[in-house]
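So the structure is just underneath, and the comments pick up after that.
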Amino acid sequence: MTGLKDAVRTNFDASADAYETYERRTGRFGALARLLLAEMTARADGPLGVVLDAGAGTGISTAVIAAGGSRPVALDVSRGMLRANAAGDRVQGDFDRLPFPADAFDGVAFTASLFLVPDPAVAVREAARVVRPGGVVGAVAPLGWVDADGTDLFASLDRESRSPTGAEEVEAAVASAFDVRTGTWRFATTAEDVVRFHAIPAMAARLYPTAPPEERVRRATDLLGSLEGSFEQRWRWVVGAAGGPG
C-alpha cells in the first residue's frame with residue numbers, strides 16, 4: 001500500500017495547475033463541496049464549528065467550508081497541492097494516521113478524496129476518532145459518465161476509467177463506523193470537459209495508472225479526443241453521523 005500512497009502523492013503534486021484550470025471551467029469541485037457541506041450540516045447535532053477538509057488540495061473545498069461559516073483545517077498528502085491552498089490552517093498528512101487528537105472536529109469532509117486511498121475503512125476509522133460525538137463525516141466518490149441513453153461513456157472505448165477504490169466501497173467504509181445517508185448527484189457535462197477532467201494528471205491515472213504524468217495525460221487526451229456532445233457525470237455522496245454521548 002505504501003507504493004500506491006506514494007503514487008497518489010506524486011500524481012497530486014503534479015496536478016495543482018490542471019485542477020485549477022478544470023475548476024475555472026466547470027466549478028465541479030466547488031459544487032460537490034457545497035452540496036456535501038449542506039448534507040453534513042443537515043445531519044449534525046449542532047453547528048459545524050471546526051471542519052477537517054480531508055484531501056483539501058488547492059483549497060476549492062476549503063474556501064467553501066469557510067464561506068459556510070465553519071473554520072476549516074486543510075489536510076492533504078501533497079505538498080504541491082497545499083502550496084496553492086490559501087487556508088490559514090494547513091497540514092500535510094495521511095488519512096490513515098491523522099495528526100490530530102480525538103474529538104478535535106465537528107465534521108470531517110472527504111470531498112472527492114476518500115476514493116483515492118487504498119483502504120478507505122482505515123481512513124474512516126481515523127475520521128471516527130477525530131470527530132466529536134454528534135459530529136458528522138461526509139464523502140463523495142465518482143460513479144462515472146453516461147450518455148443520453150444511460151450507456152457508460154467508456155463502453156465503446158478500449159479503456160475503463162477506474163478509481164483506486166469504488167464508490168460502493170467508500171459507502172461501505174463510512175457505513176461501517178457511522179449511521180449513514182447516501183444519494184447520487186448528477187451533472188450535465190460536455191465532451192470537452194470530460195477531456196479536461198482527464199487532463200488532470202491525478203485523474204488521468206484512472207485510465208493509465210502506471211504511465212508517467214505527462215504521458216498518461218497525452219494518452220488520455222488522444223483516447224477521448226473523438227468524443228462529441230454532452231454526457232451526465234454522476235457522483236455518490238454519503239454522510240455519516242457519529243453517535244452522541246450515552
Side-chain angles (χ1 to χ4, degrees), residues 1 4-5 7-8 11-12 15 19 22-23 26-40 42-43 52-57 60-61 64 76-77 95-96 107-128 136-147 149-155 157 159-189 193-194 197-198 200 202-209 220 224 231-241:
M1 287 189 181
L4 179 56
K5 288 181 181 180
V8 169
N11 288 341
F12 278 92
S15 294
Y19 246 101
Y22 178 77
E23 182 65 12
T26 68
R28 180 71 73 246
F29 295 118
L32 290 171
R34 284 189 292 274
L35 289 165
L36 183 62
L37 185 63
E39 295 291 346
M40 291 173 63
R43 291 223 66 191
L52 177 62
D53 188 8
I60 296 164
S61 51
V64 169
D76 204 281
V77 71
F95 291 170
D96 292 354
V108 177
F110 294 97
T111 305
S113 60
L114 189 56
F115 61 90
L116 296 168
V117 302
D119 188 349
V122 175
V124 169
R125 285 196 293 271
E126 273 291 273
V136 288
V137 170
V140 182
L143 290 170
W145 296 260
V146 297
D147 62 20
D149 296 326
T151 303
D152 189 311
L153 178 156
F154 288 90
L157 301 175
R159 212 71 197 174
E160 183 179 5
S161 182
R162 299 183 59 184
S163 303
T165 298
E168 294 79 9
E169 190 174 353
V170 167
E171 181 178 342
V174 181
S176 70
F178 300 95
D179 174 35
V180 302
R181 293 178 186 168
T182 187
T184 301
W185 294 321
R186 295 170 169 83
F187 302 91
T189 192
D193 287 339
V194 175
F197 182 89
H198 291 90
I200 301 170
M203 297 307 172
R206 295 171 57 87
L207 295 170
Y208 301 103
L224 300 171
F231 301 89
E232 182 179 83
Q233 187 182 27
R234 297 175 178 177
W235 292 80
R236 174 72 49 78
W237 63 268
V238 55
V239 172

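- Note on residues 164-178: pairs passing salt bridge (Lys or Arg N to Asp or Glu O under 4.0 Å), not counting sequence neighbours, are Glu171-Arg236.
- Annotation: side chain to side chain contact (heavy atoms under 4.5 Å, CB included) contacts of Val124 (sequence neighbours excluded): Leu114, Ala173, Val174, Ala177, Phe178.
- Applying the salt bridge (Lys or Arg N to Asp or Glu O under 4.0 Å) test to Arg125 and every residue at least two apart in sequence or in another chain returns nothing.
- In this structure, the separation between CZ on Phe197 and CD on Gln233 is 6.0 Å, given to the nearest 0.5 Å.
- Going from atom CG of Leu153 over to atom CG of Leu224 covers 7.0 Å, rounded to the nearest 0.5 Å.
- Here the shortest heavy-atom pairing between Val180 and Ala175 reads CG1-CA, 3.6 Å.
- Taking OG1 of Thr111 as the start and CD1 of Ile60 as the end, the distance is 10.0 Å to the nearest 0.5 Å.
- If you take OG on Ser113 and CG on Leu32, they are separated by 11.0 Å, rounding to the nearest 0.5 Å.
- Scanning all heavy atoms of the two residues, the minimum distance from Ala139 to Val170 falls at CB-CG1, 4.1 Å.
- For Phe154, the ring-ring contact (aromatic ring centres under 6.0 Å, His included) criterion is met by His198, not counting sequence neighbours.
- Legend: residues meeting salt bridge (Lys or Arg N to Asp or Glu O under 4.0 Å) with Glu39, ordered by chain and number and at least two apart, are absent.
- Judged as a side chain to side chain donor-acceptor pair (under 3.5 Å), and not counting sequence neighbours, the contacts of Asp179 are Arg43.
- Contacts of Glu23 classified as side chain to side chain donor-acceptor pair (under 3.5 Å), with partners at least two apart in sequence or in another chain: none.
- Formation of a donor-acceptor pair under 3.5 Å by the Asp152 side chain with backbone atoms of Val146 is not found in this model.
- Partners of Asp147 under the side chain to side chain contact (heavy atoms under 4.5 Å, CB included) rule, at least two apart in sequence or in another chain, are Asp149, Thr151, Phe231.
- With sequence neighbours excluded, no residue forms a side chain to side chain donor-acceptor pair (under 3.5 Å) with Thr189.
- Checking side-chain atoms of Thr182 against main-chain N and O of Trp237 turns up a donor-acceptor pair under 3.5 Å.
- Closest non-hydrogen pair, Ser61 versus Asp53, comes out as OG-OD2, 2.8 Å.
- The neighbour count for Arg159 CZ, taken as heavy atoms of other residues, nucleotides or ligands under 6.0 Å away, is above 12.
- Here Ala127 pairs with Val108, Phe110, Val137 under the side chain to side chain contact (heavy atoms under 4.5 Å, CB included) rule; sequence neighbours left out.
- A perpendicular orientation is assigned to the rings of Phe29 and Trp235, their planes being inclined by more than 60° (bins at 30° and 60°).
- The CZ atom of Phe115 lies 9.5 Å from the OG1 atom of Thr165; values are rounded to the nearest 0.5 Å.
- At least one side-chain heavy atom of Trp185 sits less than 4.5 Å from a side-chain heavy atom of Leu35.
- Nearest approach of Leu37 to Val64, heavy atoms of both residues: CD2-O, 3.9 Å.
- Shown here are the side chain to side chain contact (heavy atoms under 4.5 Å, CB included) partners of Ala31, two or more places apart in sequence or in another chain: Arg34, Phe187.
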